[in-house]
Amino acid sequence: MDAPTLRRVGFVAAAVLSAILIVVLGWAIPPRAAIISTDRLGPESGEVVAQYLDRARKSLEGGDSEGHWALLSFTEGVTADRIPEFGGGLRISEIDYHVTVDRVATPIIAVGVPAGDAVAVASLKSAAAQVESTPTFDDRSTRVKNLVAARLRANCPCVVGIVLYGPLAQLRILAAHPGIRAVEALPADAAAGVFAVSPLLPEQADTASPTPDDGPVPAN
């Protein structure tokens, strides 16, 4: 067999071996399945508030005793030190902060927390630090960032949502607590950490629509 023929045979053999190797590796190390979730807590953008409140109430119906991830939204913002009185002893996993400024768009700051009331209360500092570390690209956004961070540092009543985990019976008790506007629960089989969260803001009276952003940014 001449040299060119040997080279061709070698190339074919190498290609066959590579294909076999790919198949074997694909079988031995299967690709990680993508996590796709359409679960969501909170109103859709533009949703009528009355419809969301009704939907949240219905989500608490049922007699099962399993744990459910749920979003608690307030009638008005509260200070971080009051989080334990609204948690009902349930596992809290996220605190949502929002500094309300008339006709100024400000971010919702979500802070994930481990178990324990102390870390939930301390999440205020994490929220302020998160805002301060956010890059800005124009004068208005810089002034908004500084304003939001300063108000958080001053312990403003800016907690607008709490994500927690508990059985429907306890969630219904929380929903009747003064100062709580809505508690919405996901189905019991919803996976932790793969659902979207958008709290109903206290100032959203008719629809869950974005805040206008055409007003002056206060100095403090």
Side-chain angles (χ1 to χ4, degrees), residues 37 39-60 67-101 105-117 119-131 134 148-149 151-152 155-166 168 170-186 190 192-211:
S37 175
D39 290 327
R40 175 189 177 90
L41 286 170
E44 300 283 348
S45 180
E47 183 175 3
V48 175
V49 169
Q51 292 179 354
Y52 171 70
L53 295 177
D54 183 59
R55 183 158 62 83
R57 282 190 294 269
K58 290 179 179 177
S59 75
L60 300 181
H68 293 250
W69 290 104
L71 170 65
L72 183 157
S73 297
F74 294 92
T75 55
E76 58 183 24
V78 302
T79 52
D81 57 285
R82 297 187 62 195
I83 292 172
E85 76 179 79
F86 292 100
L90 298 180
R91 166 71 167 95
I92 295 173
S93 67
E94 178 180 304
I95 312 297
D96 296 321
Y97 291 89
H98 181 251
V99 175
T100 302
V101 183
T106 55
I108 295 173
I109 305 104
V111 181
V113 294
D117 287 344
V119 289
V121 172
S123 66
L124 177 68
K125 295 180 181 178
S126 298
Q130 182 175 320
V131 173
T134 302
V148 169
R151 291 195 180 180
L152 289 171
N155 193 32
C156 62
C158 296
V159 177
V160 295
I162 298 176
V163 176
L164 32 70
Y165 186 78
L168 292 176
Q170 287 184 264
L171 295 174
R172 286 192 289 266
I173 293 173
L174 287 183
H177 193 293
I180 293 180
R181 191 177 183 190
V183 176
E184 179 195 3
L186 288 175
V194 294
F195 50 84
V197 178
S198 180
L200 176 64
L201 301 180
E203 63 269 22
Q204 291 175 327
D206 300 317
T207 63
S209 300
T211 302

field: Distance (rounded to the nearest 0.5 Å) between H98 NE2 and C156 SG
entry: 10.5 Å
task: Keeping the roles fixed (side chain from T75, backbone from G179), state whether a donor-acceptor pair exists under 3.5 Å.
output: yes
field: For P107, the option from V148, V99, T134 that meets side-chain contact (heavy atoms from CB on, under 4.5 Å)
entry: V148
task: Can you spot which of T106, L124, V131 makes a side-chain contact (heavy atoms from CB on, under 4.5 Å) with Y97?
output: L124
field: Pairwise distance OH(Y165) to CD(Q170) - rounded to 0.5 angstrom
entry: 12.0 Å
message: Ignoring hydrogens, what is the shortest heavy-atom contact between V183 and A70? Give both atom names and the distance.
response: CG1-CB, 4.2 Å
query: Between S209 and G46, what is the shortest heavy-atom contact and its length?
result: OG-CA, 3.9 Å
message: Would you say that V78 contacts P157 through its side chain, given a criterion of any heavy-atom pair below 4.5 Å between the two side chains?
response: no
- request: Flag the pair I108 / V197 as yes when at least one side-chain heavy-atom distance between them is below 4.5 Å, and no otherwise.
  value: no
- prompt: Which value, rounded to the nearest 0.5 Å, describes the distance between Q204 atom CD and T211 atom OG1?
  reply: 6.5 Å
query: Measuring from D117:CG to I83:CD1, what's the distance to the nearest 0.5 Å?
result: 9.0 Å
field: Atom of N155, atom of A80 and distance for their closest heavy-atom approach
entry: OD1-N, 3.9 Å
- prompt: Roughly how far, to the nearest 0.5 Å, is the CD1 atom of I95 from the CG atom of L72?
  reply: 9.5 Å
task: Compare every heavy atom of P210 with every heavy atom of S45, then report the nearest pair and how far apart it is.
output: OG-CD, 4.3 Å
- prompt: Any donor and acceptor pair, going by atom type alone, linking the side chain of S198 with main-chain N or O of G42 inside 3.5 Å?
  reply: no
message: Quick check on E76: does its CD atom have over 12 non-hydrogen neighbours (other residues, nucleotides or ligands) under 6.0 Å away?
response: no
- prompt: Y52 pairs by side chain to side chain donor-acceptor pair (under 3.5 Å) with which of E184, E44, E47?
  reply: E184
Donor-acceptor pair, side chain of R181 and main chain of L201, under 3.5 angstrom: yes
field: Nearest heavy-atom neighbours spanning G161 and P199
entry: CA-CB, 4.3 Å
statement: P114 and V119 have their tightest heavy-atom pair at O-CG2, 3.2 Å
query: Parallel, tilted or perpendicular: which fits the ring planes of F86 and F74, with parallel below 30° and perpendicular above 60°?
result: perpendicular
field: Side-chain touch L186/L41, heavy atoms, less than 4.5 angstrom
entry: yes
query: Any side-chain heavy atom of H68 within less than 4.5 Å of one from L168?
result: yes
- request: May I ask you to test the P202-V160 pair for a side-chain heavy-atom distance under 4.5 Å?
  value: yes
- request: Drop me the distance from S93's OG to L164's CG, to the nearest 0.5 angstrom.
  value: 7.5 Å
